[in-house]
Amino acid sequence: MRALSLTCCFTLISVVALAPPNCEIWGQNEICYEACELSMEAIHNPQGSYKSQVLFDEAIQKCPNFAYAYMEKGVPFLKRGQFIEWKKLIDKAVELDPEQYLGYRGWCRLQFLRDYEGAIADIERLKALVSYDIGFCQTGDYHLNFALAFCHKELGQVDKAKQLMLEQIAQEGYMPGLYDYYHLGVLFYELGDLESAETYFNLQNQENDGLGETFYYLALIHQQQGQVEKFKEYIELAESKYANGYFRVDTYTETFDKIYLEDIVLARASY
Amino acid sequence: MKKLIPIALVILSIIGCTEKPKQLNVGDIPFDPARDNPNFEVCNEYLIKQYYVRYSSDNRPGYKGEKKALVSEILSQYTPPVNSNQNGFITIRFLVNCHGETDRFRVESMDFDYNSIQFDKGIAQQLVSIIKELKGWLPRTNKNKSYDYYQYLTFKIEQGQIIQILP
């Protein structure tokens, strides 16, 4: 139930973050109001369709400072692997409205291209620009400080990654994301702190119904602690959960700290 | 007046036979006789979805053995050029048909600043050759019917080595 509530909550956050603009704000500017209306018409056509893209082009032509039209026109290029075209469009959106689109561009650079340096540059620039909480990534899965942590970890700056994650979950009023504890567990496991890792994986299970990946790591922890029966119990659970569809999936890209069924099967066979 | 009728008919038939250019969506890869296999069967040219588009009743398309198997197959076949100083991303887009076969490969390369560049053939062409031989693609299926879809693979390259395979 908590997982469902969080999913709904984060989905709403991400929808709000890049929701279609309220065209009424252009009320005094007739041309840009029309451009905004054209963009609204565009998003009611299939994303990336010829008609949708033409409508965005018309919107941009009418109101060249309308950042939303550039961002939204770029989305299908991003999702379909045409990154040069995407980057030109999102750069224009960021140039026109950095506060709105820096976090989004940074997250996309991380999610789609594992461009760690680029993502850090964008998210840090956003942090320097605003005085409020920088918020969550577009998918709603992670606070952008967790996204920063993933980048630093992949660049070998593990202490920085740990600091960012721990500071974020300690923030007053912060509701941990669906997978925050999983990534903390993996980070501590990789650092060899099995006790902390186990604590976080157990918290993850409380948060999110028990994913195959979480039980895989719990099995490895018990294996390293010489607790054979516990290892067997958890690795069987991991395999069963995974085989029944309880594992991380993202519609577009591979998830972070990903474990595959083969990893679980190999771990099981090793004993 | 009657003499004009055949002329009008000829003009009308020319107009009628002139094929209207297809209005392409982002990511569409139309058949190009110069580089695509004419024997490659597209099961329904009008129902090709992107790899990420699916209905709740669809079986998820992908690769047999998950991405781990795909990456393993590619890395086991890739030979980095000696002393290469090439860096950036190579994206290969292609079509997986309803039988899990592939064709219509298109390559786009960029540096780490997202500017278009050309990679050595020893890298880009080698990757295309490897991908062409992959046999584990799973078609998108729904209620025992199979469908075509567009897929892409992006290679993050540093000094000619594959650092990451995306998405």
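- Here the shortest heavy-atom pairing between B:L166 and A:R114 reads CD2-CG, 3.5 Å.
- Between B:N25 and A:S49, the closest heavy-atom pair is OD1-CA, 3.2 Å.
- Of the listed residues (A:V54, A:T251, A:D250, A:D91), the greatest number of heavy-atom pairs within a distance under 4.5 Å of chain B belongs to A:T251.
- With a 4.5 angstrom heavy-atom cutoff, B:Y152 touches chain A only via side-chain atoms.
- Ranked by heavy-atom pairs under 4.5 Å with chain A, the first of B:M110, B:Q164, B:K67, B:Q151 is B:K67.
- Across A:K51, A:Q47, A:R109, the residue that shares the most heavy-atom pairs under 4.5 angstrom with chain B is A:R109.
- Of all heavy-atom pairs between A:Y252 and B:Y51, the closest is O-OH, 2.8 Å.
- Side-chain contact, A:D115 with B:Y114: a donor N or O sits under 3.5 Å from an acceptor N or O.
- Residue-environment remark: CD (A:E236) exceeds the threshold of 12 foreign heavy atoms within 6.0 Å.
- Here CZ of A:F247 is found 5.5 Å from CD of B:E66. Values are rounded to the nearest 0.5 Å.
- Considering only heavy atoms from C-beta on, A:Q82 comes within 4.5 Å of B:R93 through its side chain.
- With B:K68 contributing its side chain and A:E262 its backbone, the two residues share no donor-acceptor pair below 3.5 Å.
- By the 6.0 Å contact criterion, NE2 on A:H44 is open, its count of non-hydrogen atoms from other residues, nucleotides or ligands being 12 or less.
- In terms of heavy-atom pairs under 4.5 Å with chain A, the best-connected choice from B:G65, B:S109, B:A69, B:G27 is B:G27.
- Separating the CZ atom in B:F89 from the CZ atom in A:F112 is a distance of 13.0 Å, to the nearest 0.5 Å.
- At most 12 heavy atoms of other shown residues, nucleotides or ligands fall within 6.0 angstrom of atom OH in A:Y246.
- In this structure, the portion of B:T91 lying under 4.5 Å from any heavy atom of chain A is its side chain and not its backbone.
- For the side-chain contact (heavy atoms from CB on, under 4.5 Å) with B:V26, the lone residue among A:E85, A:Q53, A:K79, A:K73 that qualifies is A:Q53.
- Crowding of B:N83 atom CG: a count of heavy atoms from other residues, nucleotides or ligands under 6.0 Å not exceeding 12.
- Between atom CG of residue B:N115 and atom NZ of residue A:K87 there is a gap of 8.0 Å, rounded to the nearest 0.5 Å.
- Contacts of A:K88 with chain B are absent, with no heavy-atom separation under 4.5 Å from either backbone or side chain.
- The CD atom of A:E154 sits 12.0 Å away from atom CD1 of B:I163, with the distance rounded to the nearest 0.5 Å.
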